[in-house]
Protein chains: 2
Amino acid sequence: MTGSSISQVADELDISTRTIRFYEEKGLIQPRRTTGNQRVYTPRNKARLKLIIRGKRFGFSLDEIAEMIGMADADPNELEQIEKSLRYGDAKLKEIRERKKELTLLEQDILAVRDKLIKRKMELETMGTSTTKGENE
Amino acid sequence: MTGSSISQVADELDISTRTIRFYEEKGLIQPRRTTGNQRVYTPRNKARLKLIIRGKRFGFSLDEIAEMIGMADADPNELEQIEKSLRYGDAKLKEIRERKKELTLLEQDILAVRDKLIKRKMELETMGTSTTKGENE
DNA sequence: GCAAAACTTGACGTTTACGTAAACTGTAAA
DNA sequence: TTTACAGTTTACGTAAACGTCAAGTTTTGC
């Protein structure tokens with residue numbers, strides 16, 4: 001129930017301790033401290049870090065992620081604030097769904113190239129060593 | 001059949017001309033030139049740019065994208081080269097599929113936050129104006 | 001209880017991905 | 001042809017996201 005140290009978390013999530021501290025500087029996480037002032041990470045803190053990393057992998061900037069998280073941390077007593085957060089979250093969800101579609105497009109782009117390469121490979125294999133330059137498109 | 005100018009492409013793809021020239025500097029595109037040395041972009045060039053932009057949205061660095069594109073440009077006459085490209089492409093496909101899964105996780109993270117916010121909102125609404133500070137979890 | 005390992009806060013350095021300005025050239029319209 | 005706009009290269013500037021010391025503090029293992 002003690003929680004993890006910063007280097008344990010760094011190992012676990014495969015990021016540097018500097019990165020973790022940097023995210024804290026930016027206000028993305030607020031781990032507790034020991035009496036000796038060392039950072040302690042709960043599972044919840046780790047989940048938050050995972051979310052950040054995940055967001056980053058999709059090209060979201062830390063500022064954007066901060067907003068997403070700001071959403072999570074919004075003072076839960078201000079109705080106005082909650083509604084703003086909900087709107088922001090919904091926009092992000094829409095964006096995420098669009099990216100899913102684009103990811104499929106990217107996948108198809110690569111599959112198309114792959115198909116061409118495979119066809120060309122088969123040609124080369126059945127054709128023996130004759131060096132015919134196929135058309136370029 | 002003349003192709004587009006750099007600013008036309010910039011408008012079309014919603015990026016700056018600087019960005020387009022920068023991608024060229026990095027070797028990601030090679031548009032033809034007019035007799036007056038101005039860049040001319042074919043639909044194929046544009047498709048390439050779209051692929052770059054798409055890749056960027058998934059957190060791929062320009063260097064990584066350059067590698068992907070290198071795959072597409074591999075000399076189709078060298079069997080060895082083709083096989084290398086295929087392996088590279090397959091690796092990228094695997095990566096893309098992993099990202100798809102993660103994207104779903106990110107979506108779920110945000111949905112979870114959303115649910116909490118909605119619950120809290122309903123509490124506030126039914127509860128009238130009493131300012132009770134709920135527990136923080 | 002003491003050295004070694006891990007942690008702390010600065011603070012400056014580096015890379016990526018462009019922005020921006022300068023100084024010049026090509027192109028289109030009146 | 002001149003004028004104005006679009007394009008070209010070169011080069012310095014910058015914001016984001018960390019990397020990398022340095023110098024001191026805390027924790028841990030013997």
Side-chain angles (χ1 to χ4, degrees), chain A residues 1-42 45-46 48-70 92 95 99, chain B residues 1-42 45-46 48-70 99 102 106:
Chain A
M1 197 196 146
T2 327
S4 319
S5 74
I6 192 166
S7 58
Q8 283 174 334
V9 176
D11 280 5
E12 206 172 306
L13 303 187
D14 201 35
I15 53 180
S16 71
T17 58
R18 175 69 175 92
T19 296
I20 298 177
R21 292 197 190 94
F22 180 69
Y23 293 165
E24 186 178 340
E25 260 182 64
K26 293 226 88 181
L28 299 179
I29 28 167
Q30 293 99 32
R32 300 266 166 74
R33 302 292 185 118
T34 66
T35 40
N37 199 34
Q38 301 198 181
R39 294 171 175 83
V40 179
Y41 296 85
T42 67
N45 290 145
K46 290 185 209 169
R48 157 85 33 119
L49 278 170
K50 283 181 198 166
L51 194 158
I52 297 169
I53 294 165
R54 209 170 277 150
K56 281 224 61 195
R57 274 211 270 275
F58 297 104
F60 291 111
S61 73
L62 289 181
D63 282 351
E64 284 176 302
I65 295 169
E67 278 187 282
M68 288 189 195
I69 283 173
K92 282 296 162 193
E95 212 177 316
R99 289 197 185 197
Chain B
M1 198 193 145
T2 328
S4 319
S5 74
I6 192 166
S7 58
Q8 284 174 333
V9 176
D11 280 5
E12 207 172 306
L13 303 187
D14 201 36
I15 52 180
S16 71
T17 58
R18 175 68 175 95
T19 296
I20 298 177
R21 292 197 190 94
F22 181 70
Y23 292 166
E24 186 178 340
E25 257 182 69
K26 293 227 89 181
L28 299 179
I29 27 166
Q30 294 98 30
R32 299 268 165 73
R33 301 292 185 119
T34 65
T35 39
N37 198 36
Q38 301 197 182
R39 294 170 174 83
V40 180
Y41 296 85
T42 67
N45 291 144
K46 291 184 209 169
R48 157 83 36 116
L49 278 170
K50 283 179 198 167
L51 195 157
I52 296 169
I53 294 165
R54 204 171 285 147
K56 282 221 60 191
R57 275 212 269 275
F58 296 106
F60 291 112
S61 74
L62 289 181
D63 283 351
E64 285 176 303
I65 294 169
E67 277 187 284
M68 288 191 193
I69 283 173
R99 290 201 183 201
E102 282 192 69
L106 184 59

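Chain A is the first sequence line, chain B the second, and so forth, proteins listed ahead of strands; every chain is numbered from 1. Below, all heavy atoms of this structure are taken into account, side chains as well, without hydrogens, waters or symmetry copies.
Residues passing the side chain to side chain donor-acceptor pair (under 3.5 Å) test with A/Thr34: none are found, sequence neighbours excluded. Under the side chain to side chain contact (heavy atoms under 4.5 Å, CB included) criterion, A/Asn37 pairs with A/Arg33, not counting sequence neighbours. Here A/Arg32 pairs with nothing under the side chain to side chain contact (heavy atoms under 4.5 Å, CB included) rule; sequence neighbours left out. The side chain to side chain donor-acceptor pair (under 3.5 Å) search around A/Ser7 returns A/Ser5, not counting sequence neighbours. Here B/Arg57 pairs with A/Glu102 under the salt bridge (Lys or Arg N to Asp or Glu O under 4.0 Å) rule; sequence neighbours left out. Partners of A/Asp14 under the side chain to side chain donor-acceptor pair (under 3.5 Å) rule, at least two apart in sequence or in another chain, do not exist in this structure. A/Asp11 pairs by the side chain to side chain contact (heavy atoms under 4.5 Å, CB included) definition with nothing, not counting sequence neighbours. Every side chain to side chain contact (heavy atoms under 4.5 Å, CB included) that A/Lys50 has, sequence neighbours left out, goes to A/Leu13, A/Arg54. For A/Glu12, the side chain to side chain donor-acceptor pair (under 3.5 Å) partners at least two apart in sequence or on another chain are A/Lys46.
The separation between A/Ile20 atom CD1 and C/dT8 atom C1' is 14 Å, rounded to whole Å. Rounded to a whole Å, the CD atom of B/Glu25 is 13 Å from the P atom of C/dA17. Rounded to whole angstrom, the span from the CD atom of B/Gln8 across to the P atom of D/dC5 amounts to 17 Å. Rounded to a whole Å, the CZ atom of B/Arg33 is 12 Å from the P atom of C/dT27. In this structure, B/Leu13 atom CG and C/dC18 atom P are separated by 13 Å, rounded to whole Å. Here the P atom of nucleotide C/dC18 and the CD1 atom of B/Ile52 are 10 Å apart, to the nearest Å. Look at CZ on A/Arg21: it is 16 Å from C1' on D/dA17, rounded to the nearest Å. Regarding B/Ile6, its CD1 atom lies at a distance of 19 Å from the P atom of D/dC5, rounded to whole Å.
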Tabulate protein N/O versus nucleotide N/O from nucleotides 27-30 of chain D, keeping only pairs under 3.5 Å, one per line.
{"unit_1": "D/dT27", "atom_1": "OP1", "unit_2": "A/Thr34", "atom_2": "OG1", "d": "3.4"}
{"unit_1": "D/dT27", "atom_1": "OP1", "unit_2": "A/Gly36", "atom_2": "N", "d": "3.2"}

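Taken to the nearest 0.5 Å, the NZ atom of B/Lys26 stands 13.0 Å off from the CD1 atom of B/Ile29.
In the helix from C/dG1-D/dC30 to C/dA30-D/dT1, the terminal helix axes, each the rotation mapping four pairs' C1' atoms onto the next four within five end pairs, subtend 20°, rounded to 10°.
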Decide yes or no on side-chain contact (heavy atoms from CB on, under 4.5 Å) for A/Ile6 and A/Arg21, but give the supporting numbers first. CA-CA 9 Å; A/Ile6 192 166; A/Arg21 292 197 190 94; 3.6 Å; yes
What is the per-nucleotide protein-contact pattern of nucleotides 18-24 of chain D, from the 5' end, where B denotes a base atom under 4.0 Å from a protein heavy atom, S denotes such proximity for sugar-phosphate atoms only, and - denotes neither? BBB----
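Backbone-only contact: B/Arg39 has heavy atoms under 4.0 Å from sugar-phosphate atoms and none from a base.
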